Amino acid sequence: MKRVVILISGGGSNMVALCRSMTGDHPARPVLVLSNEPEAGGLARARDMGIPTAVVDHRPFRGDRAGFEAELLKPIEAARPDILCLAGFMRILTPGFVDRFAGRMLNIHPSLLPKYPGLHTHARALAAGDAEAGCTVHEVTPALDAGPILGQARVPIRPGDTEATLAARVLAEEHRLYPAVLRRFAAGDRRPVTP
Ligand code: GAR
């Protein structure tokens with residue numbers, strides 16, 4: 001059984017989708033949900049599912065990314081993960097941290113990468129007049145939102161869409177895509193998922 005650690009910063013809806021998927025004949029199980037935000041709503045949701053949680057607040061480490069990551073590594077290493085899933089984890093990780101988990105760390109990003117890496121993806125898709133938007137699961141490499149793509153899902157952009165309506169439509173796809181990619185990845189299959 002592969003051991004999965006999930007990193008979150010917020011509500012954790014992707015984390016919940018991942019955890020719910022890891023049952024039965026799934027080759028992985030969640031062993032820890034870790035947040036940099038003490039108030040992250042996802043922490044209670046993880047606890048409700050019986051999954052161990054930990055918090056490493058980034059605030060005391062302002063300007064000291066290496067110090068923050070050293071602290072973050074403690075609960076991660078103690079959980080002995082085979083796979084790390086970033087699920088709405090909103091801190092940028094240093095190359096040193098990323099390299100340590102090379103080939104074992106996934107992220108979900110709310111755009112059709114390579115379009116719109118970084119923040120405000122939905123606003124940028126709307127401003128560009130795009131006809132479609134979507135989400136991407138990719139392997140994490142030191143370059144931000146640029147690792148090998150493991151799966152994408154598309155949604156139409158409709159007339160009258162706002163950032164909120166588009167985000168909700170994409171998020172529903174995220175909840176399908178990320179579990180599908182993780183299941184394949186945990187089984188050792190890195191062919192992209194295109195539902
Ligand atoms: C998701 O839309 C995820 O793709 C995005 O944050 C949201 C987290 O929601 N991630 C990023 O923007 C990463 N740069 P959740 O906490 O409900 O899963």
Side-chain angles (χ1 to χ4, degrees), residues 4-22 30 32-49 51 53-58 65 68-69 72 83-95 97-98 101 105-127 130 132-155 157 161-182 185 192-193 195:
V4 179
V5 168
I6 305 172
L7 275 65
I8 65 169
S9 299
S13 68
N14 277 290
M15 175 275 297
V16 170
L18 290 174
C19 290
R20 286 194 179 138
S21 75
M22 286 186 261
L32 175 70
V33 170
L34 177 56
S35 175
N36 65 298
E37 273 291 346
E39 304 300 324
L43 287 167
R45 302 177 80 181
R47 282 193 291 267
D48 287 348
M49 292 185 287
I51 300 162
T53 61
V55 174
V56 177
D57 191 340
H58 62 278
R65 243 178 237 283
F68 168 62
E69 289 179 353
L72 202 60
I83 299 171
L84 253 61
C85 287
L86 308 184
F89 183 69
M90 302 307 280
R91 307 302 298 172
I92 290 176
L93 296 165
T94 66
F97 186 97
V98 170
F101 297 102
M105 183 157 36
L106 309 184
N107 179 43
I108 187 150
H109 184 75
S111 80
L112 294 170
L113 289 172
K115 270 192 161 182
Y116 315 131
L119 298 176
H120 312 300
T121 53
H122 305 305
R124 287 153 74 195
L126 289 170
D130 291 354
E132 60 176 12
C135 51
T136 304
V137 177
H138 63 93
E139 240 180 80
V140 178
T141 59
L144 182 69
D145 298 330
I149 290 176
L150 296 168
Q152 280 188 322
R154 293 165 187 277
V155 300
I157 294 182
D161 261 341
T162 62
E163 237 181 293
T165 59
L166 182 56
R169 192 174 309 125
V170 171
L171 193 62
E173 288 307 313
E174 294 185 38
H175 297 161
R176 278 188 275 274
L177 179 69
Y178 209 174
V181 171
L182 176 63
F185 188 85
V193 173

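Just so you know, residue 1 is the first one in the sequence shown, and it goes up from there. On a predicted model such as this, the values are computed, not experimentally measured, just so you know. We count ligands from 1, going down the list as the structure has it; atoms in each ligand are counted the same way.
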**Q** Side chains of L34 and F89: does their closest heavy-atom pair fall under 4.5 Å?
**A** no
**Q** If you have a sec, work out which protein heavy atom is nearest atom 9 (O) of ligand 1 and how many Å separate them, to one decimal?
**A** N14 ND2, 4.1 Å
**Q** Contact between E139 and F185 at the side-chain level, heavy atoms closer than 4.5 Å - yes or no?
**A** yes
**Q** Judged on heavy-atom distance to atom 12 (O) of ligand 1, which of S111, P110, C135, G118 sits nearest?
**A** P110
**Q** If you have a sec, work out which protein heavy atom is nearest atom 13 (C) of ligand 1 and how many Å separate them, to one decimal?
**A** M90 SD, 3.7 Å
**Q** Quick check: do H175 and N14 have side-chain heavy atoms less than 4.5 Å from each other?
**A** yes
**Q** Should E174 be counted as touching ligand 1, given the test is an N or O pair under 3.5 Å?
**A** yes
**Q** Taking S111 for the side chain and Y116 for the main chain, is one N or O donor matched with an acceptor at less than 3.5 Å?
**A** yes
**Q** Between ligand 1 and S13, is the shortest N or O to N or O distance under 3.5 Å?
**A** yes
**Q** Using a 4.0 Å cut-off to any heavy atom of G11, which atoms of ligand 1 qualify?
**A** 16 (O)
**Q** Looking at S35 and A40, would you say the former's side chain and the latter's main chain have a donor-acceptor pair under 3.5 Å?
**A** no
**Q** I'd like to check F101 versus L93 (side-chain heavy atoms, cut-off strictly below 4.5 Å). Are they in contact?
**A** no
**Q** Which residue supplies the protein heavy atom nearest to atom 6 (O) of ligand 1, what is that atom called, and how far is it?
**A** G88 CA, 3.8 Å
**Q** Could a heavy atom of I108 be found less than 4.0 Å from some atom of ligand 1?
**A** yes
**Q** Non-hydrogen atoms of G12 versus ligand 1: any pair closer than 4.0 Å?
**A** yes
**Q** Using heavy-atom distances only, which candidate in H109, E173, H120 approaches atom 14 (N) of ligand 1 most closely?
**A** H109
**Q** Are any of the side-chain heavy atoms of L72 and R91 separated by less than 4.5 Å?
**A** no
**Q** Mind checking whether V170 contacts ligand 1 via backbone (N, CA, C, O), side chain (CB onward), both or neither, at a 4.0 Å heavy-atom cut-off?
**A** neither
**Q** Does a side-chain heavy-atom distance below 4.5 Å link S13 with R45?
**A** yes
